[in-house]
Amino acid sequence: MKDRGFSFTSMEGSRAAARRSYDVAENEDAARRSEIRIAVADGECAQAADLPGTVDQAGRRYVLELSADLRRDLNAAAKLRFEALKRVRDIH
């Protein structure tokens, strides 16, 4: 994130900053632009670090150890993330 102009030390920090932008921005459009800049930088970092590949590899390794409920929850979370990424691409 530092290479993209942000000094977040964790994913939680970037998410908190995106939420805070709505409290400190002069208007909702400025807050939304800030949130989008953070989200795009976060996605670019994840791609550069091959986070999706790492998650896939870990998932294949441990999937059989997960309960059916946990697999269902993880699949639902993955679907939500995928849908959010599609929307970001449309906005960006």
In residues 16-23, what donor-acceptor pairs under 3.5 Å come from side-chain atoms, sequence neighbours left out?
residue	atom	partner	partner atom	Å
Ser21	OG	Ala18	O	2.5
Ser21	OG	Ala31	O	3.4
Tyr22	OH	Glu35	OE1	2.5

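Scanning all heavy atoms of the two residues, the minimum distance from Ala41 to Arg4 falls at O-CD, 3.6 Å.
Looking only at distances, a side-chain donor or acceptor of Thr54 sits under 3.5 Å from a matching main-chain atom of Asp50.
Of the inter-residue distances, the one linking Arg32 atom CZ with Asn27 atom CG reads 12.5 Å to the nearest 0.5 angstrom.
Listed by first and then second residue, the salt bridge (Lys or Arg N to Asp or Glu O under 4.0 Å) pairs involving residues 62-75 are Asp69-Arg72 (not counting sequence neighbours).
Heavy-atom neighbours of Asn75 CG from other residues, nucleotides or ligands within 6.0 Å: above the threshold of 12. A 6.0 Å sphere centred on CD of Glu28 holds no more than 12 heavy atoms belonging to other residues, nucleotides or ligands.
In this structure, the side chains of Ser7 and Met1 stay at 4.5 Å or more apart for every pair of heavy atoms. Here the side chains of Phe6 and Asp42 are not in contact, with every heavy-atom distance at 4.5 Å or above.
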